[in-house]
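Position 1 is the first residue of the sequence, and the numbers go up from there. Note that ligands are numbered from 1 as they come in the structure, with each ligand's atoms numbered from 1 the same way.
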Amino acid sequence: MSEAEYLTVQEALAAVLAGVSVLPAERVPLLDGLGRVLAENVVAQDSLPPFANSSMDGYALIAADLAGATVQKPATLRVVGDVAAGAMPNAEVTSGTAVRIMTGAPVPPGADAVVPVEDTDEAWRNRERPLPEQIQVTRTVKSGDYIRYPGEDMKAGQIILEQGHMLRPQEMGVLASLGISEISVIRRPRVAILATGDELLEVDEPLRPGKIRNSNGYTQAAQILALGAIPVRLGIAGDTETAVRQKLHAGLEAKVDLFISSAGVSVGAYDVVKSVLEQEGNVGFWRVRMRPGKPLAFGTYHGIPYLGLPGNPVSAMVSFERFARAAIRKMAGHTKLDRPTITVTVQNEIHSDGRESYIRAIVTPYENNYLATLTGDQGSHIMTSLVKANALLIVPEGVKMVPAGSQLTAWMFDWPETVF
Ligand code: AMP
Ligand code: MG
């Protein structure tokens, strides 16, 4: 193997991100857009609310008619009509009259305010209750009170959501209210996952001497699913060129947008991935100044970006978090590529070798602060230390010792992207 290139994390990340592009858009049924990025501006075809309507069950009236009304000296109004939500008013309001109105019903002509039923002597909401002939109102209202005017929320012709915006449940409601049942969003990335190594068994195989099960294939499929992308599982390739080539071909046929493999990138590994990529694409082998996860390969296979992660399960997961996740989010059209980040106070003294280190930790809120405790053995084969962790603490490049009580940046695993 030729000399690997030494890169900082930021250099490696920049190179990976430069090698992937935002995917094209597709039109999908509205709900399929959840978590995805809008590929077009959304312009309101209608104003919302579309018509002036009541925000309360009550009586539509003329505010000036209630001048001076109190509990002791209520104003008396004649009830001339009734309007339910979904119906149109059957009467006009003139001075001295009122129309019973339900929440969401159109305000009748002539009325300029609504008074809630609670502030009348007819404090009933039941539509079946006969319409009273008159009501007594025990308060005043201002013109416009309890009326929701057209366009207060959205105005026809206005850009309501911009291209690049991520769709959450509230965006679904806005789009539905505008009558949009299909939406143009960035396609979900299809990501191939390949495990390499003669020692690997499928999950349902019994252990045999010298063998371990392919755990990376599952961690990575889950990481891809959690990103809203589509994992294409290529399974395990033994350490032969033929095996690797055959699996990668299956990925080509599945029309993937990115290949991710684990193992076979460390210096001294029996490196078949490298020779396959050199024949059918191109690849750079890097030593990233990062811990865990030093070895990394990046290139293309038949023109499709290829990211080779280290094999050790913790290194594989952390390098995925650092490089693959950012690449997949970029492809999916997101602009915020990193995990939500907070500043925490570390409870342990941390030692590093000067590489940028990603330390497994449990972060808990305490008073106005977040405290971080390491999850124990930081070996790159200790998967259970990832299970205990809800964060990765980042010890910057060049720092060899972090005293207890110091502040560090933490990447929060389980927080949604919209937190920060
Ligand atoms: P390598 O990069 O091939 O030297 O692999 C580094 C370490 O990761 C070795 O201990 C491998 O057995 C382990 N490893 C490689 N691939 C996987 C995998 N898919 N699942 C679990 N462990 C793996
Ligand atoms: Mg190997």
Side-chain angles (χ1 to χ4, degrees), residues 1-7 12 16 191-226 231-248 250-251 256 258-278 283-299 301 306-325 355 358 360 377-387 389:
M1 185 172 180
S2 60
E3 266 308 292
E5 239 183 297
Y6 277 91
L7 297 179
V16 169
V191 184
I193 309 164
L194 177 66
T196 68
D198 282 337
E199 73 278 35
L200 298 179
L201 299 173
E202 299 291 355
V203 62
D204 51 2
E205 289 184 82
L207 284 179
R208 299 198 300 274
K211 308 283 185 185
I212 56 168
R213 296 190 186 97
N214 168 20
S215 63
N216 291 343
Y218 282 81
T219 312
Q220 290 173 350
Q223 286 177 300
I224 290 164
L225 283 172
V232 176
R233 298 172 57 210
L234 303 178
I236 301 166
D239 289 313
T240 67
E241 278 187 35
T242 320
V244 169
R245 185 173 287 118
Q246 187 218 329
K247 297 288 182 187
L248 292 182
V256 299
L258 172 68
F259 283 96
I260 293 180
S261 66
S262 62
V265 290
S266 46
V267 175
Y270 178 54
D271 195 7
V272 293
V273 170
K274 185 175 182 229
S275 51
V276 171
L277 287 178
E278 278 172 349
V283 68
F285 277 79
W286 304 334
R287 290 205 232 171
V288 184
R289 296 185 47 74
M290 172 177 180
R291 190 180 71 131
K294 180 162 69 172
L296 198 73
F298 186 69
Y301 178 73
Y306 185 105
L307 182 59
L309 303 179
N312 276 307
V314 176
S315 314
M317 182 165 173
V318 172
S319 330
F320 185 109
E321 277 286 313
R322 178 64 285 189
F323 302 108
R325 191 174 186 281
R355 286 181 282 163
Y358 291 73
R360 287 146 267 171
D377 190 336
Q378 298 283 319
S380 59
H381 61 299
I382 306 293
M383 285 189 259
T384 50
S385 64
L386 273 172
V387 170

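Near Arg213, meaning under 4.0 Å from one of its heavy atoms, ligand 1 places the atoms 20 (N), 21 (C). Atoms of ligand 1 found under 4.0 Å from any heavy atom of Ile212, numbered from 1 in the order shown, are 12 (O), 21 (C), 22 (N), 23 (C). Taking every non-hydrogen atom of Glu199 and a distance limit under 4.0 Å, the qualifying atoms of ligand 1 come out as 11 (C), 12 (O), 15 (C). Near Ala195, meaning under 4.0 Å from any of its heavy atoms, are these atoms of ligand 1: 19 (N).
Ligand 1 lies less than 4.0 angstrom from a heavy atom belonging to Ser215. Using a 4.0 Å heavy-atom cutoff, His381 is absent from the residues neighbouring ligand 1.
A donor-acceptor distance shorter than 3.5 angstrom exists from the side chain of Arg213 to the backbone of Glu205, with no hydrogens or angles considered. With Lys247 contributing its side chain and Gly238 its backbone, the two residues share no donor-acceptor pair below 3.5 Å. Under a 3.5 Å cut-off, the side chain of Thr240 and the backbone N or O of Ala243 do form a donor-acceptor pair.
If you look at Phe259 and Tyr301, their ring centroids are closer than 6.0 Å.
Evaluated by nearest non-hydrogen atom to atom 15 (C) of ligand 1, the leading choice among Gly264, Gly197, Ala263, Pro313 is Ala263.
Every side chain to side chain contact (heavy atoms under 4.5 Å, CB included) that Ser262 has, sequence neighbours left out, goes to Ala195, Asn216, Gln220.
In plain terms, the two heavy atoms of Leu309 and Ala316 that are nearest each other are CD1-O, 3.8 Å.
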